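Notes to accompany the following structure.
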Amino acid sequence: MPELPDVEIFKQYFDATALHQTITAVYVGDHRILQDLSENDLRSYSLDSKFESTFRHGKNLFVHLTSGAAVLLHFGMSGDLKYYQHSDDQPKHARVIWTFDNGFHLAYISIRMFGKVAIVQNSAAYLTDQHLGPDALSMDWQQFFAIFKNKRGMVKSALMDQSTLAGLGNIYVDELLFHAQIHPETSVEEMNEAEIHELFKTMKSIINTAIDVRVNFEDFPDDYLINHRDKQGTCPICSKDLERIQVASRTTYYCPQCQMKMKK
DNA sequence: AGTACCACCTGACGGC
DNA sequence: TGCCGTCAGGTGGTAC
């Protein structure tokens with residue numbers, strides 16, 4: 001699930017539920033999810049502290065604690081959050097659970113264990129250390145063009161590379177290339193400024209749309225690719241059968257008629 | 001710098 | 001019903 005729009009919705013959910021309450025307990029359901037962090041350390045950072053504010057960069061969600069440090073949540077391929085009151089509602093794959101003084105709990109869920117929970121002292125330094133590029137939603141055109149005018153390789157690989165820009169994954173890269181009518185294997189160095197600008201505009205548009213519909217698949221506009229990603233899928237615009245190929249080792253859907261721009 | 005693999009995990013689904 | 005292969009929206013490492 002979680003690419004930038006999903007994580008933005010997690011942030012909004014977190015802000016609406018789990019801030020400003022004293023943490024009274026921390027439960028770790030599977031310590032493998034903790035990165036360079038012991039269960040005891042997570043507990044001592046959390047207990048008697050409060051979640052104060054959240055900050056998202058790409059697919060990373062930082063939650064600042066009143067104790068000073070921040071909890072970093074990364075959701076991998078199957079992460080989620082759930083705020084609930086009764087233990088009957090505890091989700092099956094809750095890997096970390098924070099309990100608050102109002103009796104509610106916040107569960108960090110990860111089915112496939114690909115996510116991570118860490119403690120970071122300085123989120124800006126963490127982004128630098130991890131070599132993360134600028135956030136795809138907040139970056140401006142000057143930044144985007146400065147990066148892409150010097151990039152080489154396939155456009156899909158470039159957009160997926162978190163050190164180039166942070167936040168896009170397989171689903172939304174396919175979606176934006178579809179709307180920009182650019183073939184996923186197009187070489188970035190073959191694209192002119194107008195095409196790169198189209199890429200930028202479309203990227204902003206599809207991220208904002210996904211956030212507006214709160215990533216509910218059924219609420220995406222009819223001309224979006226997202227609900228047609230299957231082997232029998234047809235193009236929502238021209239009805240031609242979609243192509244399914246591997247690009248940068250990832251399953252890629254595109255319309256061979258609408259996405260003609262291709263130079264290898 | 002870019003790409004092609006492999007690995008990390010669990011669960012859902014289709015075929016037999 | 002059960003077993004098995006395949007696939008899944010992420011990331012990190014290694015080798016070329």
Side-chain angles (χ1 to χ4, degrees), chain A residues 1-10 29-36 56-61 72-81 91-96 107-118 126-127 129-133 135-137 146-178 184-191 203 206-207 209-211 213-218 220 224-233 242 244-254 263-264:
Chain A
M1 200 197 288
E3 299 181 37
L4 190 157
D6 310 84
V7 179
E8 179 62 25
I9 298 303
F10 294 155
D30 192 323
H31 68 273
R32 291 174 301 171
I33 209 71
L34 302 180
Q35 179 157 81
D36 301 325
R56 183 194 57 70
H57 185 100
K59 304 171 190 174
N60 299 281
L61 184 61
L72 166 65
L73 302 176
H74 193 285
F75 296 91
M77 279 180 46
S78 56
D80 204 353
L81 293 175
K92 184 172 178 194
H93 301 286
R95 309 303 189 183
V96 179
Y108 166 88
I109 301 162
S110 181
I111 298 173
R112 293 174 66 187
M113 297 292 298
F114 282 177
K116 66 186 172 197
V117 174
Y126 179 85
L127 297 178
D129 292 347
Q130 297 294 114
H131 305 109
L132 284 172
D135 179 66
L137 182 57
I147 291 168
F148 275 82
K149 72 179 178 190
N150 295 318
K151 269 315 253 190
R152 296 188 294 118
M154 292 184 288
V155 65
K156 174 157 182 173
S157 305
L159 291 165
M160 297 254 303
D161 181 353
Q162 301 300 296
S163 65
T164 302
L165 75 173
L168 297 174
N170 200 34
I171 289 284
Y172 291 104
V173 167
D174 279 6
E175 190 69 53
L176 93 85
L177 291 171
F178 174 69
E185 290 176 313
T186 302
S187 298
V188 176
E189 61 265 38
E190 302 291 338
M191 296 176 65
M203 176 182 81
I206 65 114
I207 293 173
T209 298
I211 294 171
V213 301
R214 303 188 65 78
V215 201
N216 293 316
F217 280 25
E218 62 271 23
F220 277 89
Y224 268 52
L225 190 66
I226 196 163
N227 288 314
H228 301 262
R229 298 179 65 85
D230 56 73
K231 283 175 178 152
Q232 282 76 41
L242 295 175
R244 180 187 199 262
I245 59 174
Q246 294 291 119
V247 180
S249 324
R250 304 301 301 277
T251 300
T252 301
Y253 288 92
Y254 74 99
K263 295 153 194 162
K264 254 191 127 174

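To find a chain, count down the sequence lines: A is the first, B the second, and so on, and within it residues start at 1. Remember, predicted model here, so these are calculated numbers, not experimental data.
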Between B:dA7 (C1') and A:R32 (CZ): distance, integer Å:
14 Å

Which is true for A:S78 with a 4.0 Å heavy-atom rule: it touches a base, it touches only sugar-phosphate, or it touches nothing?
nothing

What pairs of donor and acceptor atoms, side-chain ones from residues 158-169 of chain A against any protein atom, are under 3.5 angstrom apart with sequence neighbours left out?
unit_1: A:D161; atom_1: OD1; unit_2: A:S163; atom_2: N; d: 2.9
unit_1: A:D161; atom_1: OD1; unit_2: A:S163; atom_2: OG; d: 2.8
unit_1: A:D161; atom_1: OD2; unit_2: A:S163; atom_2: OG; d: 3.3
unit_1: A:D161; atom_1: OD2; unit_2: A:T164; atom_2: OG1; d: 3.3
unit_1: A:Q162; atom_1: OE1; unit_2: A:G167; atom_2: N; d: 2.9
unit_1: A:Q162; atom_1: NE2; unit_2: A:M160; atom_2: O; d: 3.0
unit_1: A:Q162; atom_1: NE2; unit_2: A:L168; atom_2: O; d: 2.9
unit_1: A:T164; atom_1: OG1; unit_2: A:K151; atom_2: NZ; d: 3.1

Give me the atom names and distance for the closest heavy-atom approach of A:K116 to A:Y108.
N-OH, 3.3 Å

Given DNA chain B, 5'-ward residue of the pair A:S249 and A:K151, judged by closest heavy atom
A:K151

A:R244 side-chain proximity, nearest of B:dT3, B:dA1, C:dC7:
C:dC7

Let me have a per-nucleotide readout for nucleotides 9-16 of chain C, 5' to 3', with B, S or -, counting only protein heavy atoms under 4.0 Å.
BBBS----

Classify the side-chain pair A:Q246/A:T251 by whether it contains a donor and acceptor separated by less than 3.5 Å.
yes

Heavy atoms only: give me the nearest A:I171-A:R229 pair and the separation to one decimal.
CD1-NE, 3.1 Å

Between the main-chain N or O of A:E218 and the side-chain N or O of A:N227, is there a donor-acceptor pair closer than 3.5 Å?
no

Over how many whole Å does the gap from A:K231 atom NZ to C:dT6 atom P extend?
11 Å

Anything below 3.5 Å on both distances counts as a pair; with that, list the stems of at least three consecutive Watson-Crick or G-U pairs involving DNA chain B.
B:2-8 with C:10-16, B:10-16 with C:2-8

If the P atom of C:dC3 is compared with that of B:dC9, how far apart are they to the nearest Å?
24 Å

Mind calculating the distance between CD1 (A:I109) and C1' (B:dT10) to the nearest angstrom?
14 Å

How long is the line joining CZ of A:R95 and P of B:dC9, in whole Å?
11 Å

To the nearest Å, give me how far apart CG (A:D230) and P (B:dC13) are.
14 Å

Output yes when A:D174 and A:R250 qualify as a salt bridge under the 4.0 Å nitrogen-oxygen rule, no when they do not.
no

A:K156 atom NZ is separated from B:dA4 atom C1', nearest whole Å, by 15 Å

To the nearest 0.5 Å, what is the distance between CD1 on A:I109 and CG on A:D80?
4.5 Å

State, with a plain yes or no, whether a side-chain heavy atom of A:L177 is found less than 4.5 Å away from one of A:Y254.
no

A:S110 side chain near B:dT10 phosphate (N/O to OP1/OP2, under 4.0 Å)
no

I want to check one thing: is the phosphate of B:dC9, taken as OP1 and OP2, less than 4.0 Å away from some side-chain N or O of A:H93?
no

Nearest-angstrom distance from the residue atom CG of A:L34 to P of B:dC8:
20 Å

A:I33 CD1 to B:dC8 P: how many Å, rounded?
16 Å

Just by modelled atom types, is the A:G58 backbone N or O under 3.5 Å from a matching donor or acceptor in the A:R56 side chain?
yes

